[in-house]
Amino acid sequence: MTAFSRLDSSLLGRWWWTVDRWIITALIALAAAGAILTLAASPPVAERLNLDTFYFARRQLLVLPVAIGVMLAVSLLNRDGVRRLALLMFTTSIVLTALTLVDGAEIKGATRWIKLGGLSVQPSEFVKPAFAVIAAWMFAAWRLKAKFPGYLVAVGLYASVIALLLAQPDVGMTVLVSVVWGIQFFLAGLPMVLVMGIGVLFIVGGFVAYFKFDHVQVRIDRFFDPAGTDAYQVERSLEAFQNGGIFGRGPGEGRIKEALPDAHADFIFAVAGEEFGMFASLMIVALFGIIVLRGFAHAFKESDLFVQLAVVGLLAQFGLQAIINMASTLNLMPTKGMTLPFISFGGSSSLAVAVGMGMVLALTRERPKRRISGLNSWEAGA
Amino acid sequence: MIFERIRHPFAPSGQCGDSPNMELPERIVFEGARKQALETGRNRLMVTGVLFALAFVMIGGRVVELTLVSKNISERPPRLANTDPALNVRADITDRNGILLATSLPTAALYANPRHVLDADEAAGKLSQVLPDITLEKVRALLSSDKTFVWLHRNLTPKLQFAVNALGIPGLYFQQTERRVYPHGPLVSHVIGMTNIDGEGLSGVEGYFNGQLRGRQQALQLSLDIRMQAVVRTELAKAMEKFSAIGAAGIVLDVETGEVISIVSLPDFNPNNPVSAAGIAGFNRATKGVYEMGSTFKLFTAAIALDSGRVRLRDRYDATKPIRVSRFKISDYHAKNKWMTVPEILVHSSNIGSAKMALDVGTLAQKKYLKKMGMLSPAGIELPEVGSPLTPDRWRDINTMTISYGHGIAVSPLQLTAGVAALVNDGYLRNATLVKWVDDELPAGMRVISTKTSKIMRRLMRLVVRQGTGKNADVEGYVIGGKTGTADKPEVTKRGYGGRRRISSFVSAFPMTGPRFVVLALLDEPKGIPESQGYATGGWVAAPVVKNIVWQIAPMAGIEPSSVVEMDPKPGDVFYVAADGKRVSEQSSETRKKKSTASKVSGLETDFDRRLSDILSSTKEQRGPTVAVN
């Protein structure tokens with residue numbers, strides 16, 4: 001890939017010189033780590049479910065190259081392309097998500113999956129990145145275009161997405177989508193009064209909920225004292241990190257995967273801690289940190305409001321998902337079922353993350369600076 | 001233009017709305033708005049970015065902390081109760097010699113998170129085979145529920161716990177817990193009491209000392225002596241069966257310290273099986289029950305009369321004919337139809353004599369003395385189950401008379417025992433206690449009668465056993481003194497007394513040369529049997545129980561039998577009781593009636609008769625029960 005000359009003006013040549021290669025490297029490294037960890041964590045889970053030992057591993061190893069390919073392909077798009085892709089993906093996945101309510105397979109009490117040509121797909125995973133881009137588009141239009149009620153559209157879309165997700169029901173994803181949407185609204189200029197009001201509301205509501213509702217209190221108390229609870233998975237996961245120590249027990253030597261039903265998905269970070277130790281776990285944290293913060297740096301320098309909001313939205317989604325997953329594995333917060341992007345097992349989520357990250361790569365590509373940025377193509381066209 | 005107003009809610013007014021700026025070329029408006037929006041976005045992105053960075057740093061720090069620093073969590077046994085282990089252990093309870101009366105054994109409680117149970121049917125099937133006392137249907141219902149926590153079993157033996165563990169069912173968890181065990185079962189049931197399933201004391205000592213037992217390691221040492229407790233319970237149970245009584249109570253009290261050495265209420269229950277405490281079995285007659293005690297109260301009457309100085313030992317009272325007051329008639333059960341000295345009144349248990357003595361003392365003085373002796377307030381003891389005495393609302397002369405022989409006032413057996421202890425221990429009333437007295441010094445008591453009166457009372461009580469109604473209690477060498485009591489129980493359905501339902505009791509102290517223990521035996525509704533010639537009085541029913549208790553517990557307490565030959569008082573001695581050659585209790589009721597009708601009427605109008613007419617005039621309107629005779 002180093003073969004591209006600075007003067008190469010072909011599609012790939014321009015791509016190579018404008019894309020953020022640090023982020024690409026970090027993403028591919030994450031995917032590699034995910035492959036290794038799935039190999040380590042999933043066989044006992046598969047055996048417990050009476051599946052072929054390498055059932056999960058094989059599937060994930062099949063999905064990951066596809067995901068990387070999709071990501072790179074999407075990163076070739078320009079801004080208009082990203083927007084169109086998002087619009088297409090949003091409408092398709094919304095329809096499919098609505099279809100799951102009618103004709104979905106119920107798994108663990110929720111209907112989230114739909115059969116598409118022999119493959120089980122979770123369409124709501126694809127709603128997430130698409131909605132982040134669409135919302136950014138609407139917020140930017142609201143700020144920049146007189147007489148365009150972008151914020152109204154954003155609120156309306158948000159309400160319908162939330163309604164669909166809650167109908168499934170998928171509380172975890174609802175929360176994630178809401179927070180990301182909130183961050184975008186915040187960046188787009190939500191009045192400070194409202195920001196503070198919402199902040200105060202959250203704090204007060206939290207205290208009220210804690211003292212008013214027993215079950216909330218129990219959950220919080222259990223979180224602060226896992227020893228006396230049935231937070232079995234979290235307890236095992238803490239033990240895994242302690243067993244792992246600095247260098248880990250070695251690949252395949254971990255025991256937590258035998259005890260946890262979700263070792264290959266929500267608790268894969270604990271497998272990393274036990275088998276590969278502190279340095280490997282810190283590496284994973286660092287990779288996520290590099291991707292998110294480097295992406296934020298791009299957004300900071302960005303002169304296009306849409307790009308800024310879209311990049312932050314996509315990265316916030318990615319980063320929050322990682323933070324929530326790792327934090328609950330480490331007992332820093334109450335458990336919330338959320339996958340670790342690119343690392344946890346899951347075809348739909350891996351592909352959706354790949355699309356989202358591809359969009360980030362596409363949007364953060366360097367462009368020649370225009371002196372009069374008002375003549376941006378999308379502003380003229382929209 | 002609504003949108004225009006909303007667009008920049010925090011922007012300077014010049015940038016939106018109907019301000020003159022609207023006239024600027026459109027691109028400049030865009031450019032200004034764009035710059036402003038980007039500026040806001042950047043500022044706020046800064047905040048967002050810092051928060052994300054902090055979150056990643058925290059996660060990294062936590063990874064380091066877990067893998068590098070904290071090693072203690074894995075040393076903690078998994079899935080323990082979240083309580084401090086020290087608080088979890090309930091202290092033992094022992095008797096005065098350190099014998100275990102209550103202890104806590106560690107057991108495992110089994111609970112489940114039904115949401116983690118993969119196959120409720122399979123789990124229920126396996127569990128119900130291993131656990132004998134839960135049914136398949138119940139377990140299935142519990143495990144299929146939508147809850148996250150259900151108890152399945154609160155006390156698993158280690159063997160059962162192992163068996164359940166071996167099933168390997170996910171979603172089942174153990175909690176270390178403890179079970180209260182009472183090695184002596186029913187022997188100390190009422191006094192020790194019970195705990196609930198969570199180990200909180202409910203009744204008895206467990207309830208009263210719940211706070212102290214919960215946190216501490218050191219055993220609670222009671223004043224009880226389990227050996228004497230066994231003697232008292234066995235003898236009471238025998239008598240209860242023999243006389244077909246519905247209940248019984250027995251108390252042994254240390255006269256000097258007030259320590260309760262034994263306290264029994266029958267029927268009782270097995271505290272290891274809480275269900276057995278349901279109903280009357282759980283009722284502590286010895287402390288919670290209050291009864292009209294009958295003639296045992298004459299001890300107080302005599303002590304009050306002598307101690308107040310109003311009556312001297314050699315004073316004589318006319319007991320030749322019943323006292324009639326309004327509808328009341330006070331007569332003697334063991335009628336002697338003669339003038340009696342104070343010792344004779346006690347020995348023959350004369351109601352007439354007692355009533356007249358009490359009138360001589362007066363209502364006020366009687367009330368004052370009874371209050372000092374603890375008869376008017378609940379007994380002080382470390383139990384939640386303490387009965388309040390029933391006393392007259394208005395204390396008239398007729399109440400004074402009936403109370404003098406133990407009617408019209410109801411006290412608990414413990415109150416009576418503590419009061420009698422004060423009569424024989426040189427006159428100090430001390431609260432009864434269930435906690436072993438370890439100090440060398442005696443607990444501070446309240447003086448209720450003089451040492452001299454106490455000495456007289458000891459001789460009088462001894463006389464009752466040697467020559468009076470308490471002969472059946474005598475044990476050679478142990479110099480027992482006491483007083484019988486037989487009280488008719490009030491009718492349940494109608495007012496007044498009648499029928500054959502009785503409380504028969506005997507309260508005693510020994511040895512009378514220097515009392516160590518007060519012993520009370522009380523039977524509720526005993527029935528006469530041929531061996532007792534049909535009698536169910538305190539002398540026939542309760543006195544033998546005391547006798548059997550004393551000869552067994554005296555050696556345990558290290559009391560040696562005395563070899564001194566006792567002599568009955570000679571005529572002329574103030575304690576002389578004119579013997580009539582018969583055992584009083586052998587008289588049939590026929591003889592009693594004949595004698596009663598043949599009694600001579602004294603022609604002299606005594607001081608007593610004058611006072612009686614005063615009372616008659618003052619109590620004409622008073623309606624009351626006919627007073628039982630004793």
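We name chains A, B, ... by the order of the sequence lines, and we start the count at 1 in each one.
- Below 30°, between 30° and 60°, or above 60°: for A:Phe288 and A:Phe318 the angle between ring planes is between 30° and 60°, a tilted geometry.
- Taking the six-membered ring where the residue is Trp, A:Phe139 and A:Phe185 present tilted rings, their angle falling between 30° and 60°.
- Between A:Phe296 and B:Phe52, the two ring planes are perpendicular [angle over 60°; tilted spans 30° to 60°].
- Both the backbone and the side chain of A:Ala316 come within less than 4.5 Å of a heavy atom in chain B.
- Looking at residues two or more places apart in sequence or on another chain, you find no side chain to side chain contact (heavy atoms under 4.5 Å, CB included) involving B:Gln129.
- The parts of A:Leu330 that come within reach of chain B are both its backbone and its side chain, each placing non-hydrogen atoms under 4.5 angstrom from that chain.
- Proximity to chain B is limited to the side chain of A:Ile183, based on heavy atoms less than 4.5 angstrom apart.
- Among the candidates B:Thr48, B:Val57, B:Asn43, the residue making the largest number of heavy-atom pairs closer than 4.5 Å to chain A is B:Thr48.
- Residues B:Phe149 and B:Tyr173 keep their aromatic ring centres 6.0 Å or farther apart.
- Residues passing the side chain to side chain contact (heavy atoms under 4.5 Å, CB included) test with A:Arg249, sequence neighbours excluded: A:Asn243, A:Glu253, A:Glu274.
- Of the atoms belonging to A:Leu320, heavy atoms from both backbone and side chain fall under 4.5 Å from chain B.
- Heavy-atom distances place the side chain of A:Phe269, and not its backbone, under 4.5 Å from chain B.
- Neither the backbone nor the side chain of A:Val193 comes within contact range of chain B; no heavy atoms are under 4.5 Å apart.
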